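Below you'll find the structure, written out as structure tokens, and then a few comments.
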Amino acid sequence: MDIVISKMMSKPDFQSDFLANILKANANPDIITFAGGLPNAVSFPVEAMDRAADKVLKENGIMALQYSGAQGYLPLRQFIAERYRKKGIEVDASQIIITNGSQQALDMFSAVMIDPGDRVLVENPSYLAALQTFHLYDPEIVPVSLREDGIDVGELEKAIRENSPKFMYLIPNFQNPTGLTYTEEVRKAAAEVFRNSNVMVLEDDPYGELRFAGQGGHSFGWYLGEQCCMLGTFSKIVSPGMRIGWIACCEKKVFDKLLAYKATMDLHTNMFCQMVLFQYLQDNDLDEHIARTSLLYKQKVEFMLSCIDKYFPEGVSVTRPQGGMFMWVTLPDGIKGVDVQNAALKKGVAVTAGDPFYEFERDVPTIRLNFSNGSDEYIEKGIRILGEVIKEFMK
Ligand SMILES: Cc1ncc(COP(=O)(O)O)c(C=O)c1O
């Protein structure tokens, strides 16, 4: 029997294969994996969450177990809005929707904004699962080069002029996959370009709070107000398994559509988890927790960089992230990231080649490394093996 499935499902296959391999490697305890983006489990507040869950069930069990509103638990939205306001970004709890991780918010925004054939700007390279999500709605993706200091503003201006895009998706802090961060000058200049257009900005910031070096920059939401929708998540600062993220949208028409779509998709995000998370946030100091996690990641990245200096051959360069969970390796000319990925996997080390993060380029000389997860011993062994694999390709 020939089953015909929606053509929308066929486009992201290339990226899906990479994603499936990352998840497979993460699940195999015999493989040293730098391929995924797992937070370090040491940072999970298991006991505090146990106390929070107990309290919610004892004090508010009926509400936690009942159906609830699509927009999400009000106290949690108020908590998030307050954190935006502390950064000088005017957002009210009524402009926030709690989502099933920021991944769901990416889908909601795509569903609301993209008609087939619409142009969408992305950083080149960009977050693989965002590219996949956009593809489900059949846009034309227009990549804009990412440089050491952020988006290439000249190229951005040209891309907007020539393509009349619906929106641009960007990750200005410790970007996935490169670990790069926009300087304030680039943020300001890019914001000016957006302000002179009618292009919406979708700013994704899962890593921004995990800064362990340098100074923070302003959000595009600070510069652009309702022209920017902001995605956030508790995945990297508390727990990814709870699946709690959000979208902050001050543009009323877009907000109403997002909320209607969310309600249709799943009625609402898991109420029990929202309430437990909020209880945890009430009884514990989130900033202290984030500071501890950031310090751990600082130690991890410094250790991984010291191993890279020791084991990687001359001619390989890496980004030196000021936060987040990823770094980006550029191999000497002529060496494909995919070949290194495949050879390393045969020796028990998983990395992700640069290819799936690009819309068009293939056989690129880059790989992404996750540094947040794993003991020092594990990091040293994996980097040593990876160095040997790269050296083989340089012979
Ligand atoms: C840039 C980016 N956006 C969104 C997500 C999805 O995060 P969540 O767990 O909140 O769905 C990730 C996860 O790795 C990410 O790296």
Side-chain angles (χ1 to χ4, degrees), residues 12 15-16 18-23 25-26 33-41 43-44 72 76 80 96-110 120 122-136 143 146 150-151 167-182 201-211 219-220 228-248 262 265-266 269-270 273-274 277 290 293 297 319 321 323-328 352 354 356-358 368-373:
Q15 269 126 355
S16 298
F18 276 89
L19 206 58
N21 286 336
I22 292 171
L23 295 174
N26 285 346
T33 178
F34 306 129
L38 298 189
N40 197 306
S43 70
F44 295 157
L76 184 58
I80 295 164
I96 291 171
I97 303 172
I98 304 291
T99 57
N100 198 28
S102 49
Q103 193 63 38
Q104 183 184 40
L106 278 169
D107 181 59
M108 286 160 53
F109 191 82
S110 305
V120 171
V122 299
E123 296 157 333
N124 201 34
S126 184
Y127 171 48
L128 151 61
L131 293 175
Q132 282 186 294
T133 307
F134 301 148
H135 273 301
L136 292 173
L146 188 63
I151 201 74
F167 68 90
M168 171 145 201
Y169 169 70
L170 36 80
I171 312 161
N173 296 315
F174 326 126
Q175 196 238 20
N176 183 359
T178 60
L180 293 173
T181 296
Y182 291 27
V201 172
L202 181 61
E203 180 182 74
D204 193 3
D205 193 24
Y207 305 104
E209 306 230 46
L210 294 173
R211 174 178 285 280
S219 155
F220 278 90
C228 176
C229 284
M230 295 173 289
L231 304 186
T233 181
F234 288 98
S235 285
K236 317 294 176 176
I237 52 173
V238 180
S239 150
M242 294 183 88
R243 308 303 304 129
I244 299 196
W246 66 88
I247 182 164
K262 165 76 182 165
M265 257 179 129
D266 64 4
T269 296
N270 183 319
C273 278
Q274 291 186 72
L277 176 62
I290 290 173
T293 307
Y297 291 180
T319 55
M325 298 176 24
F326 300 105
M327 66 173 79
W328 191 240
T352 307
F357 303 101
Y358 292 94
R368 185 190 72 175
L369 298 182
N370 165 245
F371 57 77
S372 58
N373 187 37

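Computed from a predicted structure; not experimentally measured. When a residue number appears, it is its place in the shown sequence, counting from 1. Ligands are counted one by one from 1 in listed order, and the atoms in each one are counted from 1 as well.
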Could you pull out the N/O contacts under 3.5 angstrom between ligand 1 and the surrounding protein atoms?
unit_1   : atom_1 : unit_2 : atom_2 : d
ligand 1 : 3 (N)  : D204   : OD2    : 2.5
ligand 1 : 7 (O)  : S102   : OG     : 3.2
ligand 1 : 9 (O)  : S235   : OG     : 2.6
ligand 1 : 9 (O)  : R243   : NH1    : 2.7
ligand 1 : 10 (O) : S102   : N      : 2.7
ligand 1 : 10 (O) : S102   : OG     : 2.8
ligand 1 : 10 (O) : T233   : OG1    : 2.6
ligand 1 : 10 (O) : S235   : OG     : 3.3
ligand 1 : 11 (O) : S102   : N      : 3.2
ligand 1 : 11 (O) : Q103   : N      : 2.9
ligand 1 : 11 (O) : R243   : NH2    : 2.8
ligand 1 : 14 (O) : Y207   : OH     : 3.3
ligand 1 : 14 (O) : K236   : NZ     : 2.9
ligand 1 : 16 (O) : N176   : ND2    : 2.8
ligand 1 : 16 (O) : Y207   : OH     : 2.5

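Between Y169 and F109, the ring center distance fails the sub-6.0 Å criterion. Taking the six-membered ring wherever Trp is involved, the centroid distance between the rings of F167 and F134 falls below 6.0 Å.
Test I244, I247, L277 against I98 for side-chain contact (heavy atoms from CB on, under 4.5 Å) and you get one pass: I244.
Checked against salt bridge (Lys or Arg N to Asp or Glu O under 4.0 Å), K262 has the following partners two or more places apart in sequence or in another chain: D266.
Closest heavy-atom contact between L210 and F174: O-CE1, 3.8 Å. Listed here is the closest heavy atom pair of N370 and G36: CB-O, 3.0 Å.
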